[in-house]
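Notes follow once the structure below has been shown.
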Amino acid sequence: MKPKLSWDSPVQFLKSVGPARARSLARLGVETVGDLLSHYPRRYFDRTTATPVGRLVVGKEATVEGEVLTVSERRTRRAGTIQTLAVGDGTGVVFCVWFNQRFLLKQFQPGRRVLLSGMVRRHQGKLQMAHPDFEVQEPQAAPAGSEQGAGEGAHTPVTLNSGRVVPVYGLTSGVGQHWLRALVWQALQGLDEVGKRVWPDPLGPGLCRRRGLPDLRTALRHIHFPPDTEALRLAHRRLVYQEFYLIQVLMARRRAGRLRQPGVVLAAPGDLTRQLVRALPFDLTGAQRRVLKEILADLRSGQTMHRLLQGDVGSGKTLVAFIAALFVIEQGYQAVLMAPTEVLARQHGQTLQKLAAPLGVAVEVLTGSTSRSTRRAILAAAAAGETDLLVGTHALIQDGVHLPRLALSVVDEQHRFGVEQRVRTTGGKGALDQPHVLVMSATPIPRSLSLTLYGDLELSLIDQLPAGRQPITTHLVDDRQEERVWQACRQEMVAGRQVYVVHPVIEETEGQDLKSAVGEFERLAGEVFPEHQVALLHGKLKPAEKNDIMARFAAGQVDLLVATTVVEVGLDVPNATAMVIHNPERFGLAQLHQLRGRVGRGRAASRCWLVVDGQLGADARQRLDFFAATLDGFALAEEDLRRRGPGDAWGTRQHGAPGFCLANPLRDAELFQICRQDARDLLEREPALDGEDGPRVLAALGAAFGAQWLSHGSG
Ligand code: ADP
Ligand code: MG
């Protein structure tokens, strides 16, 4: 007996798919019937309502049905080609243009009927669509859907390609639009024939009803072949919901697992904290006080804290971390603070040692350049419980540090680490196996995304900068105005302040006329600022050299620091008031924001220049103008996301987290909130996911993300 068609059947199970076509489909990521149905349309042709050319509206998308009148091609001055097609329907003529798409010419013989879909523009008085989606109608006799005979035997209804809202898929060579439509249709019909039970719906009927969403079977039929726009909207909503829901269940599961782990219970804060706050030259901001309360409540709750502390650059996260550490230290416990780079670890070490010394709190710093003998001594002191706070780079602290009374680990600049890494900390034995975890991050990712990525963490927000800060003024300038920029920098230095000059590359490379840090360092030190102390900092220097240069800059012995993006993260030299960024178009908005955040940390006004050499594209200019006018890190991160799309901006690929197909956490924020709650509710109802709804979710999670994601489930 022939095995039945199922979600997991290889696509070759379907009619008209042989080994060659299967290979082509695999290039689209389609190997099984389930993959095929998850290959959602990129867009749709609304063929229920073709617009007569005479009624097209400029600036609107439209679908037009007409006859090819002329086909032509010409060369551009830059050795490219432009293909032009004139299409008429008796009410007018619309021109379609493509660039460098010679192969299109063959398909459009005059007299053929075509469907076009795209944005309508007016160009030199004529109606135009630039690279529209199109479809050439088959000559009358052949049934629609038979592209190179591929629809054979599939009983494809004629209505798949016309007279309805029609899906437009991403294609690859060997996979045509009509053929793919017929194949998807065949899969939908085939599964239906097998029976309703073959649809592996991760959302149970109860949940669907409660949220007014269609079941999976309906959603997939409608996302591929929508009967009308409302059905399409619901199908889309339901599939977005499902993507969010699966990830949120994963997150909720981790969270639930943690809540069951007992944490070190702390008593009320003692005298150390009060002493520190009294000695500070400034008051804590309201936001700092609020998040400290949230942290303290966690520490006293009896459960292990897993909290994300978000705050824009310069908002004072380090101090919050230190006070949190004091909470545990004054009760006789130990804490660690981990930083992503050696330079930053050193800086934290120095800052905190200064604050800690008068309190009699022992802070040690451990990095890659710590000498062997010192390292041995530090490890021994830590293991003996003599060290209260150990500061260091992430990797070092994770490897073989033994802290018998560890109760808190703080991870700074979380976005530099992978998702999985953040909670893997080495603790002592026994009751202290599970230290409280505080993760800190500026805003490399927008709030809406961080909720997704860190959905298992509680969130604290420092949404206020310390008093007395002056906004940074940002100027976008041409490199011909460079002299003026140097003049302004000179004034800062004469007034005793310091300057950063940032370049995207360390050294000049052939074929690229980018100014480099090394080249500019020589020019600035030798010719432009011979009377000032100029130093160079980049990633290829030895750790000891880097530390030395940073220490001298922090101590005010260096006036101007020429650097690469090594200064991007975390550096805190409040006396620096000017930043010059060369080739800013090379950086993302979030990264520029981090760089600019190195200034504006004291009471004096700060300035930032973006120096552009040569021409900027319109897009790049817009982006940089937006940056110059915006100081809010959240706004910049969201703009980055809008420009680059969730895939890139999320940057999950390198973190190894599963992505979204349809869902967009920005656009779908409201749905996302609902999902998060539904996921937490499910875990409360079925902690082991073994009740009425859990198993179907588990199955879908396994299929979507693989077993390794599940095994992290309760960790
Ligand atoms: P970030 O949040 O970017 O890590 P930092 O912790 O480096 O910020 O703090 C930036 C600067 O602000 C530091 O020099 C710090 O001493 C100072 N600072 C922190 N809290 C306050 C406050 N409440 N008032 C004034 N300055 C503060
Ligand atoms: Mg910081």
Side-chain angles (χ1 to χ4, degrees), residues 273 276-293 295 307-326 337-356 363 389 391-394 410-417 438-444 450 459-472 497-498 500 550 553-556 565-577 579 590-604 606 631-634 636-637:
T273 328
L276 172 82
V277 173
R278 231 179 289 133
L280 286 174
F282 45 71
D283 290 332
L284 294 179
T285 63
Q288 282 172 321
R289 284 176 195 283
R290 193 188 64 237
V291 302
L292 278 167
K293 257 194 216 139
I295 291 168
R307 187 168 280 280
L308 171 65
L309 174 58
Q310 273 206 326
D312 212 344
V313 285
S315 60
K317 295 185 290 290
T318 316
L319 191 57
V320 169
F322 184 58
I323 295 176
L326 287 184
L337 170 59
M338 295 181 275
T341 65
E342 160 129 19
V343 164
L344 194 53
R346 292 257 158 218
Q347 173 189 283
H348 282 330
Q350 275 153 14
T351 311
L352 300 186
Q353 271 165 345
K354 247 180 264 161
L355 292 173
V363 177
L389 172 60
V391 179
T393 45
H394 198 276
V410 182
V411 185
D412 191 17
E413 301 296 347
Q414 161 59 37
H415 61 286
R416 284 306 187 95
F417 302 119
L438 180 67
V439 158
M440 305 201 291
S441 175
T443 52
S450 70
L459 183 69
S460 283
L461 203 63
I462 308 188
D463 50 4
Q464 181 183 21
L465 291 180
R469 294 276 172 83
Q470 299 194 43
I472 307 166
R497 310 213 186 279
Q498 292 161 281
Y500 292 99
M550 259 329 291
F553 188 67
T565 51
V566 288
V567 300
E568 173 189 339
V569 166
L571 291 187
D572 182 43
V573 180
N575 190 47
T577 50
M579 158 138 320
Q591 202 178 8
L592 283 172
H593 181 62
Q594 287 282 333
L595 282 169
R596 182 172 59 182
R598 296 315 110 216
V599 298
R601 298 184 150 245
R603 289 187 162 261
S606 292
L631 286 172
D632 176 355
F634 287 125
L636 286 166

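Worth knowing before you read on, the calculation uses all heavy atoms, side chains too, and leaves out hydrogens, waters and symmetry mates. Whatever order the structure lists them in is the order used to number ligands and atoms, beginning at 1.
Note: L276 CG to L326 CG = 5.5 Å, rounded to the nearest 0.5 Å. Here CG of D572 is found 9.5 Å from CG of L344. Values are rounded to the nearest 0.5 Å.
Using a distance-only test at 3.5 Å, with no hydrogens or angles considered, a donor-acceptor pair links the side chain of Q498 to the main chain of F553. Under the 3.5 Å distance criterion, the side-chain polar atoms of R290 are left unmatched by any main-chain donor or acceptor of S460. Between the side chain of R469 and the backbone N or O of G314, at least one donor-acceptor pair lies under 3.5 Å. Not a single donor-acceptor pair under 3.5 Å links the side chain of Q470 to the backbone N or O of S606.
Against a heavy-atom cut-off of under 4.0 Å, V313 is close to the following atoms of ligand 1: 3 (O). Residue L284 approaches ligand 1 through these ligand atoms, each under 4.0 Å from one of its heavy atoms: 23 (N). Distances below 4.0 Å separate heavy atoms of T285 from the following atoms of ligand 1: 23 (N).
Among L309, T318, L355, the residue whose heavy atom sits closest to atom 6 (O) of ligand 1 is T318. The nearest non-hydrogen atom to atom 7 (O) of ligand 1, considering only H348, R601, Q288, K317, comes from R601. Comparing D572, N575, L465 by heavy-atom distance to atom 13 (C) of ligand 1, the nearest is D572.
Using a 4.0 Å cutoff on heavy atoms, M440 does not count as a contact of ligand 1. Heavy atoms of G314 come nearer than 4.0 angstrom to ligand 1 in at least one pair.
Here's the thing with P466: none of its N/O atoms is less than 3.5 angstrom from an N/O atom of ligand 1. An N or O contact shorter than 3.5 Å is missing between A467 and ligand 1 by distance.
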One pair to check against salt bridge (charged side-chain N to carboxylate O under 4.0 Å, His left out): K317 and D412. What are the steps and the verdict?
CA-CA 9 Å; K317 295 185 290 290; D412 191 17; 6.0 Å; no

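Listed by first then second residue, pairs satisfying salt bridge (Lys or Arg N to Asp or Glu O under 4.0 Å) with a partner in residues 338-351 read E342-R346, not counting sequence neighbours.
Contact annotation for P574 and ligand 1: only side-chain heavy atoms (C-beta onward) come within less than 4.0 Å of the ligand. Counting heavy atoms under 4.0 Å from ligand 1, residue R598 does not touch it at all. Proximity of D283 to ligand 1, defined as any heavy-atom pair under 4.0 Å, is confined to the backbone N, CA, C and O atoms.
With sequence neighbours excluded, the residues satisfying side chain to side chain contact (heavy atoms under 4.5 Å, CB included) with L284 are V277, L280, Q288, R289, L292, L319, I323.
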